[in-house]
Amino acid sequence: MLKTSYLLSNKDEVIILLSKRGFDANNMVNEIIALDKKRKSIQVQYEETLAEINSISKTIGELFQSGEVSKTKPLKDKSSDLKKLSKDLASGLEDYKAKINSYLLQIPNIPHKDVPAGNDEIDNKIIYESKLDFDKNLTEPHWDLAKKYDIIDFELGTKITGSGFPVYKGMGAKLQRALISFFLDYNTDAGYEEVQIPHLVNENSAYGTGQLPDKEGQMYVVSSENLYLIPTAEVPITNIFRDVIISESDLPIMRTGYSPCFRREAGSYGSDVRGLNRLHQFDKVEIVKIEHPKESYHSLQKMKNHIEGIIKKLDLPYRIVTLCGGDLGFTSALTYDFEIFSPAQEKWLEVSSVSNFETFQSNRLKIRYRDNKGNIDLVHTLNGSALALPRVLAAILENNQSHDGINVPKVLQKYTGFSIIK
RNA sequence: AGAGAGGUGGCCGAGUGGUCGAAGGCGCACGCCUGGAAAGUGUGUAUACACCAAAAGUGUAUCGAGGGUUCGAAUCCCUUCCUCUCUGCCA
């Protein structure tokens, strides 16, 4: 969520940059500015009224102590009247605040200058792409391979829960565990502190990272407890720092965590959801950084390189794209997507997304830092997948298939204890 | 889940209707003292929003959260969340 004060002082720039997303902010921004002006004038009146009530009450207190009780009556009456007035002003003030807030919630983050203009993924800018050389005779899709080697059972998951909840079996399960361990080790070696976090979060947390109210329909809800199953570990990890003022010298804060992710994925169908392409429950290792505003873009590059390093270790064909305005997530200012090639589907599968949210999340979450002069300001938050498992697994199955079986990437072998699935 | 106790500033802790944003202590910062340090000593020490060109200053709100009573609420009432102790259940 953007700050009203930022909109006030950067109005024209905001409108121009948001147009890169195809978002016309002109009316909304003007409306917010007008509403905020009214809000301020009411707030002044309201606070003046309260100040008068406070001073009358003080006087009454003094009169009581000096025994002049009879003099208090007219003051009490006046104060009661003011109280009524203040209630009206308060409700007016709340109305304005609510209206301003509802507009602010509709405005996406301001794209960074590097974000290419464009409406959809066609306009994403490919900044790196591996040369593809796979054996055209070995392009069985991962769902067939999974069945052939009996490592993932989609039907069984459907029986137990429903579609999109696969059961990983034997070497498949072990490979999953190996991937999680490898990712976590790789991340902690780079300085990310590992955390284990709750997989259910409350309303405040879901609101803080922007799942509420925007993406309410994407989350599973435990209504009896008023809790939400996390769609990503980003939610609990980032919320660790909600309402916290961090001292500047502690920045950056780097965390990594594994969690299952739960997504309803309403509206998805067809080949998009085939096999491991899109699941309701999947595993992911996440990295989160809380960063000084001055450092955040430098940090984003480092995270990008870090994630690229993981994929290289797995020795899978990949590409990196800069998301264009139209494809950019609501809360992000700049996002790089990492995609791994699926030879069987002949398409690129997104396995990671790394973003700088600047102050968009920290403003909602009230994550701030204090510099050595004592000034307080919002931090920048960044996060990325490092990595999401299912599509990595799909890519390993498809890219590493051979006549003898599936070759396990070298880096994973010390975790799996086997080098080939057959 | 049942019974009881309780939630106050970075931490501990006083405060049960009236100049209380809140005593006292610890911690922290700065100064004095010291050859240096410790001890001692003095001062300061929340956040948000608003007024102001800005600083200084001032106002408003915040004592788990949300409502209410009252001229006035940390203090009284209601709702709710959380913590602790005992009992129950249990990986």
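Computed over heavy atoms, backbone and side chain alike; hydrogens, waters and symmetry mates excluded. From a predicted model like this one, the values you see are computed outputs, not experimental measurements. First the proteins, then the strands, lettered A, B, ... as listed; each starts at 1.
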### Query
With respect to the side chain of L50(A), which nucleotide from U19(B), U47(B), A61(B) is positioned closest?
A61(B)
### Query
Looking for any heavy atom pair under 4.0 Å, which part of the strands does S79(A) touch: base, sugar-phosphate only, or nothing?
sugar-phosphate
### Message
Check the phosphate of A50(B) against R39(A), side-chain N and O only, distance under 4.0 Å to OP1 or OP2. Yes or no?
### Response
yes
### Query
For residues 82-100 of chain A, which residues have at least one heavy atom under 4.0 Å from RNA chain B?
K83(A), K87(A)
### Message
Distance check needed: G18(B) P versus K76(A) NZ, whole Å only.
### Response
14 Å
#### Entry: Geometric cation-pi criterion, K99(A) with Y96(A): 6.0 Å, 45°
yes
### Query
U47(B), C49(B), C71(B): which one has an atom nearest the side-chain heavy atoms of E47(A)?
C49(B)
### Query
Of all the nucleotides listed (U47(B), A50(B), C71(B)), which has the minimum atom distance to the side chain of S57(A)?
C71(B)
### Message
Taking the nucleotide of RNA chain B with the nearest heavy atom to each, does I245(A) or D77(A) sit closer to the 5' end?
### Response
I245(A)
### Query
Salt bridge or not for K169(A) and D153(A), using N-O below 4.0 Å?
yes
### Task
Compare the minimum distances between each of C71(B), U47(B), C49(B) and the side chain of Q43(A), then state the nucleotide with the smallest one.
C49(B)
### Query
Taking atom C1' of A73(B) as reference, at what distance in whole Å does atom CG of N54(A) sit?
12 Å
#### Entry: Distance under 6.0 Å and angle within 45° of ring axis: R364(A) vs Y207(A)
yes
### Task
Check the pair Q43(A) / E48(A) against side-chain hydrogen bond (donor to acceptor under 3.5 Å, both in side chains), numbers first and verdict last.
CA-CA 8 Å; Q43(A) 184 164 337; E48(A) 278 171 355; over 6 Å; no
### Task
Determine, stepwise, if the pair K11(A) / N30(A) fulfils side-chain contact (heavy atoms from CB on, under 4.5 Å).
CA-CA 8 Å; K11(A) 184 185 149 188; N30(A) 284 322; 2.8 Å; yes
### Message
Looking at E62(A) and U19(B), is any side-chain donor or acceptor paired with a base atom of the opposite kind under 3.5 Å?
### Response
yes
### Query
From the list G59(B), C51(B), C71(B), which nucleotide is the closest neighbour of the side chain of V44(A)?
C51(B)
### Task
For U60(B), give its Watson-Crick or G-U wobble partner with both distances under 3.5 Å, or none.
A48(B)
## Note on the structure
Rounded to whole Å, CD of E48(A) lies from C1' of U58(B) at a distance of 12 Å
### Query
How long is the line joining CG of N375(A) and C1' of U47(B), in whole Å?
14 Å
### Along RNA chain B (nearest heavy atom to each residue), the more 5'-positioned of S80(A) and R368(A)
R368(A)
### Task
Figure out the CD1/C1' separation between I42(A) and C51(B), and round it to whole Å.
16 Å
### Query
When the ring centroid of H306(A) is compared with that of Y186(A), is the distance short of 6.0 Å?
yes
### Query
For atom P, what is the distance between A23(B) and U8(B), given to the nearest Å?
16 Å
#### Entry: Assigned partner base of G10(B), Watson-Crick or wobble definition, under 3.5 Å
C26(B)
### Task
Take the protein atom CG of L63(A) and the nucleotide atom C1' of U19(B), then report the distance between them rounded to whole Å.
13 Å
### Task
For L75(A), answer base if it contacts any base atom (sugar-phosphate contacts may also be present), sugar-phosphate if it contacts only those atoms, and nothing otherwise; contact means non-hydrogen atoms under 4.0 Å.
nothing
